[in-house]
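Below you'll find the structure, written out as structure tokens, and then a few comments.
Letters A, B, ... are given to chains in the order of the sequence lines, protein chains preceding strands, and every chain is numbered from 1.
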There are 2 protein chains.
Amino acid sequence: MTVADRATVVLEKPSALKAAEALKIGLSRRRVAIIVGDCEVEYRGRASSRLESGERVVLIKDDGALLIHRPSGTEPVNWQSPGCTFKTSLSPDEKLIFEASHGAPPETVAISFNTVRLLAVLGLVDKGAFTLYTSEEDMRKAVFLEPSLVEEGFHPITYEKVVPTGFVDCIGKDRDGNFVVVEFKRERASRKAAEQLARYVETLRKGNPKVRGILVAPSLVSDARALLANLHLGFRRVTPKMCAEVLKAKGGLKRGRIIDYGEEKP
Amino acid sequence: MTVADRATVVLEKPSALKAAEALKIGLSRRRVAIIVGDCEVEYRGRASSRLESGERVVLIKDDGALLIHRPSGTEPVNWQSPGCTFKTSLSPDEKLIFEASHGAPPETVAISFNTVRLLAVLGLVDKGAFTLYTSEEDMRKAVFLEPSLVEEGFHPITYEKVVPTGFVDCIGKDRDGNFVVVEFKRERASRKAAEQLARYVETLRKGNPKVRGILVAPSLVSDARALLANLHLGFRRVTPKMCAEVLKAKGGLKRGRIIDYGEEKP
DNA sequence: GAATTAATGTCGATT
DNA sequence: AATCGACGTTAATTC
């Protein structure tokens, strides 16, 4: 991408004609465009919809995706998946018309702008890698696949067992055959986490005084460290990264949990 | 919302300080903000993620929602649901830092901007109603609930039956006990749709010459009308709206198929 | 408020 | 290409 291609076009309250021109040029160069303005939207495809006039943010991406966002809410009110063909035009009454069409299945989103408050056309470069680290759920999976993450010789028996005081993340046995209660925390564990583990261990020690407890987390706050020491409970440092690596190596990672985009899509 | 509140702030390549000031004022007034720039993103919550530096579009909505979009793809790479608390600040090395936090469950998205190419703060007003009309699937449901949509005395027997030449949307019997093949089209039906129906009817007439065919759609192109007439096939006008009303009345409409937002959320 | 279910789901992997 | 399954799913509805 040349310097010229990265040039930004920003138009405040452009005429429909100016906006149409800037859009046509920008989209032919596969830039990203943002349009803010009062508009009406029609969608026809798997379903059909109509959105009456109001002010929205329209985002057109360089892969031919389209998103129309209202001023509130997480989800787009209308959208079009990547690979659209765009058509920019002026209506008989001089309004900016923007259409995004898809071949298969045939779908079209048509936007008619009553006013354009802002139009920006930008060439964006994004080659940054995205990594989604493991969740608490994945920590459990990693420990199932590689029990030594908790302790050498550990082997898990049950997960998420219900005890009178709540849920126990994992119960297993150590190399000597003693029961071990394991509590996972994906982030630095607080005193509360240590208390939770203590409660579970206490409950289970009523039936068997040899029950041990281990808190598994990337790190501990000092309060938690003190409490664990007092109650003769263990701690094992396990980071999300370590879990991710285990899951990757042992194939327990089903899909999408670790995502790595090193390159832009072609 | 007063005229002053609707004033647009658009800054190209602002300094981090200028951007921070504009954002603070804008977000305190619950405006919508768009930031385009090179940034890094960290998320911590149910899972955690890290996004290395690259250029993205950040959209902050007036209900406290946050979306971070890469230049391609339909879905945001990171996001935060409505109701966030925002924090704008400058890092020791003068970078714009933007954090969006949620109480329950505790989640945070932190964005560090290396550069800001564009910042827009706008008060948007959107009271337009959104209506999602029925899909082809819902047309079948509507006909199941109200067979007279196809013809007085019609009663459906099977849906999506496999015949040698493809799928038949619906097969039923008319008031005289003759078989009727029904083809649905959610939009103005093309000649192709009529040919499809003709093919199905032809197949079935080999076993029973009295088989009839009816194309159900909101309207017909003239080619299709001619073809249907030639082959003695029927047409019945049924609009998505009619189906939606049947589904609504008869309770076949599960949820969200007709959505009507008449007002902005409080 | 928790649990359930649909979605123009989207996205990635597998057959 | 079609199908399957997970998702920081989200969002609407029912219990």
Rounded to whole Å, how long is the line connecting atom CD of B:E75 with atom P of C:dC11?
5 Å
If the C1' atom of D:dG5 is compared with that of D:dT9, how far apart are they to the nearest Å?
12 Å
Distance between C1' atoms of D:dA6 and C:dA7 (Å, rounded):
15 Å
Partners of B:S190 by side chain to side chain contact (heavy atoms under 4.5 Å, CB included), sequence neighbours excluded?
B:K192, B:A193
Phosphate-side-chain proximity, B:W79 and D:dT9, N/O vs OP1/OP2 below 4.0 Å:
no
B:R46 bridged to B:E107 by N-O distance under 4.0 Å
yes
With a 3.5 Å cut-off and just heavy-atom distances, do the side chain of B:Q80 and the base of D:dG8 make a donor-acceptor pair?
yes
Quickly work out the B:L132 CG to D:dA11 P distance and round it to whole Å.
15 Å
In whole Å, what separates the P atom of D:dA11 from that of C:dC11?
16 Å
Which residues pass the ring pair (Phe, Tyr, Trp, His ring centres under 6.0 Å) test with A:F86, sequence neighbours left out?
A:F98
When the distance from NZ of A:K61 to P of C:dC11 is rounded to whole Å, what number comes out?
9 Å
Calculate the interatomic distance between B:L67 atom CG and D:dT9 atom P; express it in whole Å.
16 Å
Taking the nucleotide of DNA chain D with the nearest heavy atom to each, does B:E107 or A:T74 sit closer to the 5' end?
B:E107
Rounded to the nearest Å, what distance is computed from the CZ atom of residue A:R46 to the C1' atom of nucleotide C:dT10?
10 Å
Result for 5'-nearest mapping on DNA chain C, choosing between A:V109 and A:P82, is A:V109
Round to a whole Å and report the spacing from NE2 of B:H69 to C1' of C:dC11.
14 Å
Between A:R31 and A:D62, does any NZ, NE, NH1 or NH2 come within less than 4.0 Å of an OD or OE carboxylate oxygen?
no
Distance, rounded to the nearest Å, where B:L51 contributes CG and D:dG8 contributes P:
14 Å
Go through the steps for B:T131 and A:R50 under the test side chain to side chain donor-acceptor pair (under 3.5 Å), then give the verdict.
CA-CA 5 Å; B:T131 316; A:R50 180 163 171 78; over 6 Å; no
Write down the distance between CG (B:L66) and P (D:dT10), rounded to a whole number of angstrom.
13 Å
